[in-house]
Amino acid sequence: MTVNVVLPLPLDQAYTYRVPEALVGAAQAGARVLVPFRNRRLTGIIVGEGPAAETLDFDVKAVLDVLDDVPVCTEGLLDLTKWIADYYVCPWGEALKAVLPAGTTVETEHRLTRTDAAPDAWADHEVGRTVLEDLAAHGETTLAAVRKRVGPAVPLALIRRMAADDVVAVETTLSDERVAPKTETHLRFAPAFQHKDAPDDLIEQLRGNKQRAVVRALAGFRAEGTPEPRRTDVMERADASYSTVRSLVEKGMLELVEKEVMRSPLDDLPAPDPPPDHDLLPAQQDALDAVTDAVDAHRYGTFLLHGITGSGKTEVYIRALQAVRARGRTGIILVPEIALTPQTVQRFRAHFGDEIAVLHSQMNMGERYDAWRRLRTGEAAIAIGPRSAVLAPLEDLGLIVVDEEHEASYKQFDPAPRYHARDVAVMRAHRADAVCILGSATPSLESTMNARWGKYERLELPERVPDASGKTAALPDVRVLDLALQRKKHQLDGALADPLREAIRTRVDRGEQTILLQNRRGYAPVLECEDCGWAPECQSCSVSLTLHRHDGGEQLRCHYCGYAARVPRQCPECGGRDIHQIGTGTQRVEAELEEVVPDATILRMDRDTTREKHGHHDLLRRFENGADILLGTQMIAKGLDFSRVTLVGVVDADVGLLFPDFRAEERTFQLLTQVAGRAGRTRELAGEVILQTRNPDHMALRYAQEHDYEGFAEEALAERRELGYPPFGHVATVEFRGPDEDRVERLAENWTEQLRQHAGPAGVMGPEPAFIQRVKKQHRYRTLLKVRGGSPGPLQTALRRTRDAHGAPPNGYHVAVDVDTQDVL
DNA sequence: AGCACGCCGACT
DNA sequence: GTCGGCGTGCTC
C-alpha cells in the first residue's frame, strides 16, 4: 500500500510513500507521518492513497512512522486547505501547515557543539568565525538556531568542513515534538490495598509517622470521592515529602498514575457572571429566526448582520449558537484580535462554559495545543479565536460567526497562506452545509455588495438595545473640530484643542469617563534637526525612529524591527543643537492630559502597556473600576462596552488618510464610527464624540459624523466601480524581498515581465519600490495586479503560470504572492 | 525550503 | 590548480 504525502514546504506536489505492513492501520488520510526526504526527515500529512508502487518509475521510499492515532486533519479540513491553496495561489503544504498547531512537526535537526580544538584555522573565515563565536556564547545549539541568530547564509557544508577540522561536533538527530500533553502525577492505593479497611491495616503496620500521614491523607481524599488525588495535594495534606511517598510506592502499597491535564490560560481570570435573560428586540428576533431557519434546514447560508454599535449583535450570535448546539452541531466564533475583545469572549464563556475552547494569540504553544486537542477530540464544541480559528478541527459544523467582519486583521500576511479568514469562513460553511454570520456596524464594501448581489442575505439591526429601565441610548452627537480654525482662534496649544480639553475637564468633574483615540504609539513619531532637516532613521528599515519616554529616560525606537537607539543631543550632520520633536504619539497625549486634568486617573493602552499576558484585561478592569480616561491606539476602538463613557475624543482623525491605499477612507470611516460607538452606551447619560481634523470636509469624516453608513457606502462604491477596485474587481500583489537592492529590483522586473505575458485581461502595475522600501535589512519591491469583474480567476491563473515558469528565486530572495490584498502599500 | 551539483572568476 | 560565489534542478 502507498500513500500520497504533502510536506510543509513550498512544493506544489504530493510525494508517494510505501506504508510498511505494521503501519497500515494507522496510515489514514489526515494523519501526520514521518518520512525520509532527500537527506532529511520531515513531518508530512497523508492526503490520500497513492498509486501502486509497481506502476511508478522511481524508487518509492517507506514511511518511517505514523505520528497520530487520530488524524490531525479531518477530511473536511483537508479539502478546505486544498481550496485555500488554489484560491490564494500557494502550495498545498503551506496551507496544510496552517491547520496544524505549532510545535507538532518533527524533522531532522543538526546539533552543534564547540570542541576544545583551537579554531586558528577559522579565525579569518568570516562566517566560520561568527558561527564559533555564536557557539561560544550559546553553548550547545542547533544549526537552525544559529541561522536564526547569525543569518541564513550558514551552509551545512561549511559546518561539515569545520567538523572535519574538529573545531565543532555535529550530531544529526530528530527534533522532539515541542508540544506534548501535559501530565500530572496522581496517587492511589495499589489494587491489593483498595478494600475499605486497608488504610487502617496499613496505618497499624507502618512505623513511620509521615508514611502513616500519607496513607491517612489518601484515605481522606478517597472518602471525599477523589480516589486518585494529585500527588502534590496528598503530600501537602500529609505534610510529607516525595521520598515518603516513594517508599510507600516501592513497598507496593501505593501506585503513581500519570494523568493528562489541560492547560487553560483563562483559569486565572475570574469567571464571568451569568447574564440576565431578556427579550430580543423585534429586529434581533427576525435576524435570529432567519438564521435558525437555515440551521434547521441544515442548509448553507451567509448572513450579513449589519447592526449599529450597541444594537445587540452578540446576543444574536449567542442565541444562534445555542440553537446550533441544541442540534448537537458545533460552532466557530471569529473575533478580530482576541486580546482586544475580552468582553465579547467573556460573554460567550458565560453562556457556554466548558464547551468553549479559547484560542488566544498570547497563549503559549502548550496552551494552544491543548485547546486544539479539546476541539479535535470533541471535548469542546465551540472554538473562539482570531483568524486561524477558522481552521479549528471541528466536525459537524453548524455555524461560523465572523464578528467585526470588516476588520483588516482577518487577512493573514506572513507566513503564507495569505488567506482572508472571512472568505475562508464563508467557503467552509458552504462545504459543511452550515450557516455563516458576518457581523459589523460598518460592513466592508465587499460584503455590502455581496449582499446586494444576493450572495449574502442582509439582516439589519437599526436600533440600540434598551437597558433594564427600558431606555434606549441615542447615538452620540459627533462634533468635528477643524484644527486649522482652532489654531487661528488661538485655541490650540499642543495636541488637544481647547473645546476638547474643556469637554474632558467636564467629564472628570462629573465623574464620567472619557475614551481618547490617538492611533500612534510612543511620544513623538519623528525628530528633526531645525538647522539642516536631518531626521534619525532606523539602520535596518527605511522609516524614521519614534521617540519613546520611559521612567524619566528617553529612547528612539523602530516600530518595524524593534531597533533602539539613544536620543542625539546634537545633530550628527551639522552639529546643530535644535532637534525638534514632531508629531504626537499616545505618550505625548498622556503627558498633555496630566497637565490639563492633573487630578484625573489616566490609563494608556497601546502595544507598550499591554505586553504582559493579561495586560489588556488588567487595563480594562482598571478602567471599569473607575479610572477617568482611557487613552490608546486603535485597540481601544473595538467591542468595548462601558456604561459611564460619555465622551470619545479622536486626537487626530487624519492618521489613516495619509496612506496611499484605495481602502484608506473606508478604514478611516470604520475606525471613527467604531470608536464613536463607544460613547453614550449609558441610557441616561448622553454621549458626545469630538473628532479633531485638518480635513473637516473629507467624506469619511462627514459620513461618520452623521452615522450614515449607507451614504458612505454609496459614495465609496461609486468610486470603486469607476476604478475597477474591489468589490467590482479583484487585486493581488506580488512582493519581492531580499538583501541586495539591485538584485531585488532585477528579480522584480523579471518576474513582472513574465507576469505581463500571462496577464490576459488583468492589469499589471509595477514593479515599484514598496511603500516602506526596507524592513529588517530586506529591500522590498511590489507589483500590483488588478482585474475587473466578480472572479479573481485571471489573477490566479496569471500568478500560477508565472510562478511555474519563473522557478525558484535565488537563495535568500523571496517572492510573496498575495491574492485579495488588504494593504496595497 | 534546503541542499547538491556544476559552472565561472580570483586567490594560495 | 582550488576555493567560494551563485544559478539550476531535485526531493517520492
Side-chain angles (χ1 to χ4, degrees), chain A residues 1-20 23 27 33-66 85 90-98 100 105-110 121-122 124-131 142-148 150-165 170 172 174-175 414-417 737-740 742-744 746-747 750-751 803-817:
Chain A
M1 181 207 179
T2 66
V3 284
N4 285 332
V5 173
V6 168
L7 299 160
L9 300 175
L11 300 171
D12 231 359
Q13 114 188 239
Y15 291 83
T16 305
Y17 290 88
R18 197 163 44 73
V19 182
L23 297 176
V33 281
L34 185 65
V35 292
F37 192 66
R38 176 78 67 100
N39 44 13
R40 37 187 186 151
R41 294 167 175 205
L42 293 172
T43 300
I45 303 279
I46 299 178
V47 295
E49 200 166 321
E54 310 84 71
T55 64
L56 299 170
D57 55 359
F58 50 80
D59 276 343
V60 180
K61 292 186 182 172
V63 167
L64 298 168
D65 202 0
V66 179
C90 79
W92 195 3
E94 283 188 334
L96 264 171
K97 208 157 110 183
L100 300 185
T105 53
V106 182
E107 57 186 58
T108 309
E109 172 179 277
H110 305 281
W122 296 90
D124 42 65
H125 187 287
E126 201 186 316
V127 180
R129 196 186 54 228
T130 329
V131 169
T142 62
L143 180 54
V146 172
R147 279 179 181 158
K148 212 167 195 176
V150 174
V154 182
L156 182 58
L158 173 75
I159 301 295
R160 292 239 165 88
R161 277 187 287 132
M162 291 170 75
D165 250 17
V170 198
T172 303
L174 273 184
S175 68
D414 267 333
R737 271 182 307 215
D740 182 82
D742 290 342
R743 279 187 74 175
V744 174
R746 251 188 300 142
L747 172 66
N750 238 305
W751 222 92
R803 203 189 47 192
D804 293 346
H806 190 278
N811 243 335
Y813 291 78
H814 266 270
V815 177
V817 169

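The chains referred to below are lettered A, B, ... by the order of the sequence lines, with proteins before strands, and numbering in each begins at 1. Heavy-atom basis, side chains included; hydrogens, waters and symmetry copies ignored.
- Spacing between atom OH of A/Y813 and atom P of B/dG2 amounts to 17 Å, rounded to whole angstrom units.
- At a threshold of 4.0 angstrom between heavy atoms, the contacts of A/P8 with the nucleic acid are absent.
- Between A/L7 atom CG and B/dA1 atom C1' there is a gap of 11 Å when expressed in whole angstrom units.
- Atom CD1 in A/I46 sits about 14 Å away from atom C1' in C/dC12, given to the nearest Å.
- Applying the 4.0 Å criterion to OP1 and OP2 of B/dA4, one finds that A/N39 has a side-chain N or O inside that range.
- The base of B/dA1 sits with one of its N or O atoms less than 3.5 Å from a complementary donor or acceptor on the side chain of A/R40.
- Within the nucleic acid shown, A/Y17 comes within 4.0 Å of sugar-phosphate atoms alone, with no base atom in reach, counting heavy atoms only.
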Could you go through the side-chain contact (heavy atoms from CB on, under 4.5 Å) check for A/L42 and A/R40 one step at a time?
CA-CA 7 Å; A/L42 293 172; A/R40 37 187 186 151; 4.3 Å; yes
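- B/dA1 atom C1' lies 9 Å from atom NE2 of A/H814, rounded to whole Å.
- A distance-only check finds a donor-acceptor pair linking the side chain of A/T2 to the backbone of A/P51 [under 3.5 Å].
- Put simply, the side chain of A/V170 does not reach to within 4.5 Å of the side chain of A/M162, judged on heavy atoms.
- Taking atom CG on A/L143 and atom P on B/dA1, their separation rounds to 17 Å, with Å as the unit.
- Residue contacts shown for A/L11 include a base, since a base heavy atom lies under 4.0 Å away.
- Using a cutoff of 4.0 Å between basic side-chain nitrogens and carboxylate oxygens, A/R18 and A/D59 are not scored as salt-bridged.
- Considering only heavy atoms from C-beta on, A/Y17 stays 4.5 Å or farther from A/N4 through its side chain.
- Phosphate proximity of C/dT11 to A/Y15: absent, as no side-chain N or O sits under 4.0 Å from OP1 or OP2.
- Here the C1' atom of nucleotide B/dG2 and the CZ atom of A/F37 are 9 Å apart, to the nearest Å.
- Counting any heavy atom pair closer than 4.0 Å across all strands shown, A/P10 reaches a base atom.
- Close to C/dG7, at under 4.0 Å from its OP1 or OP2, lies a side-chain N or O of A/R743.
- Look at CG on A/D804: it is 15 Å from P on C/dC10, rounded to the nearest Å.
- To the nearest angstrom, P of C/dG9 lies 15 Å from CD of A/Q13.
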